[in-house]
J.: 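Let me begin by handing over the structure; questions about it come next.
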Amino acid sequence: MDAQAWKLVAIGLGAGAGSGIFGIGGGIVMVPLLVLACRFEQHDAHVTSLGAGMILAVSGAATYAVNGRVSVVVGACLAAGALVGAPLGASLMNRLAEAPLKAAFGALLIVVAIFQFVQ
């Protein structure tokens with residue numbers, strides 16, 4: 001494997017571990033690292049993170065489900081909203097230029113960090 005492939009594996013490992021431990025979406029770990037370490041454009045990092053996030057979510061949820069920690073009803077309700085929200089968000093992202101998308105994503109990370117710190 002070349003250096004880029006090793007970086008991607010390491011990013012996936014970090015995102016998977018972070019998701020399993022903290023319940024964070026892969027985007028909080030993957031997107032910044034894909035942009036910084038792998039030189040992805042912001043849009044490509046978001047899309048790649050979403051694709052990898054499917055596997056991340058299924059494997060993490062399956063691990064917790066085996067231990068009886070997954071509520072199917074709550075998951076179904078969240079999924080119903082996500083089925084509407086995700087295409088809307090993806091459509092908006094496709095219309096945003098690189099700089100505003102980076103700024104919005106950075107602002108989201110700051111807000112999440114402040115919220116978690118205050119909690």
Side-chain angles (χ1 to χ4, degrees):
M1 279 198 306
D2 66 1
Q4 180 80 341
W6 283 111
K7 286 180 188 176
L8 294 170
V9 169
I11 291 169
L13 178 64
S19 178
I21 294 168
F22 301 115
I24 58 173
I28 289 178
V29 174
M30 283 188 212
V31 171
L33 290 174
L34 287 171
V35 170
L36 296 172
C38 298
R39 306 267 188 233
F40 275 48
E41 298 221 358
Q42 194 75 23
H43 289 84
D44 294 337
H46 284 243
V47 172
T48 302
S49 174
L50 284 171
M54 292 186 307
I55 303 300
L56 184 94
V58 168
S59 64
T63 301
Y64 283 109
V66 167
N67 295 307
R69 304 280 309 199
V70 174
S71 168
V72 174
V73 173
V74 171
C77 290
L78 292 170
L83 284 172
V84 175
L88 293 173
S91 177
L92 177 60
M93 183 194 68
N94 282 326
R95 290 192 302 251
L96 287 175
E98 182 94 357
L101 180 59
K102 280 186 174 185
F105 185 72
L108 172 67
L109 292 179
I110 290 168
V111 168
V112 169
I114 291 169
F115 180 78
Q116 288 299 313
F117 185 74
V118 170
Q119 290 287 326

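From a predicted model like this one, the values you see are computed outputs, not experimental measurements.
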J.: Would a distance-only check, ignoring hydrogens and angles, find a side-chain to backbone donor-acceptor pair under 3.5 Å from Glu98 to Glu41?
T.: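 Between the backbone of Glu41 and the side chain of Glu98 there is no qualifying donor-acceptor contact (under 3.5 Å).
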J.: Quick one, Thr63 and Arg69 - any side-chain contact, counting heavy atoms below 4.5 Å?
T.: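 No, their side chains stay 4.5 Å or more apart.
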J.: For the atom pair OG (Ser49) and CG (Leu33), what is the distance rounded to the nearest 0.5 Å?
T.: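 The distance works out to 10.5 Å.
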J.: What are the two closest non-hydrogen atoms of Gly27 and Pro32, and how far apart are they?
T.: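 So the two residues come closest at O-CD, 3.3 Å.
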J.: Would you say Ser59's side chain and Ile55's backbone share a donor-acceptor pair under 3.5 angstrom?
T.: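 At least one qualifying donor-acceptor pair exists.
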J.: Below 4.5 Å, heavy atoms only, C-beta onward: do Met1 and Val9 meet side chain to side chain?
T.: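 Yes, at least one pair of side-chain atoms sits under 4.5 Å.
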J.: How far does CZ of Phe40 sit from CG of Leu8, to the nearest 0.5 angstrom?
T.: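 Here the rounded value is 5.5 Å.
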J.: Would you indicate whether the side-chain heavy atoms of Leu88 and Leu92 approach each other to under 4.5 Å?
T.: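 Sidechains of Leu88 and Leu92: no contact.
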J.: Which value, rounded to the nearest 0.5 Å, describes the distance between Leu56 atom CG and Ser19 atom OG?
T.: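 Leu56 CG to Ser19 OG: 4.0 Å, rounded to 0.5 Å.
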J.: For the side chain of Ser91 and the backbone of Pro87, is there at least one donor-acceptor N/O pair under 3.5 Å apart?
T.: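 Absent.
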J.: Minimum heavy-atom separation for Val70 and Ala61, please, with both atom names.
T.: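 That closest heavy-atom pairing would be CG2-O, 3.5 Å.
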J.: Looking at His43 and Met93, would you say the former's side chain and the latter's main chain have a donor-acceptor pair under 3.5 Å?
T.: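 Pair found, side chain donor or acceptor close to backbone of Met93.
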J.: Check whether Leu50 and Met30 end up in the same hydrophobic cluster, where Ile, Leu, Val, Met, Phe, Trp and Tyr are linked by side-chain heavy atoms less than 4.5 Å apart.
T.: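 In one cluster with Leu50: Met30, no.
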J.: In terms of hydrophobic clusters joined by side-chain contacts under 4.5 Å, are Leu109 and Leu96 together?
T.: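 Leu109 and Leu96: separate clusters.
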J.: What distance separates Ile114 CD1 from Gln119 CD, expressed to the nearest 0.5 Å?
T.: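 Interatomic distance, Ile114 CD1 to Gln119 CD, rounded to 0.5 Å: 12.5 Å.
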J.: Counting distance only, does the side-chain N/O of Lys102 pair as donor-acceptor with the main-chain N or O of Gln42 below 3.5 Å?
T.: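 Checked: no pair found.
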J.: Which atom names give the shortest non-hydrogen contact between Val29 and Gly14, and what distance separates them?
T.: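 Minimum heavy-atom contact is CG1-C, 4.1 Å.
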J.: Between Cys38 and Ile11, which heavy-atom pair has the shortest distance, and what is it?
T.: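 Minimum heavy-atom contact is SG-CD1, 3.7 Å.
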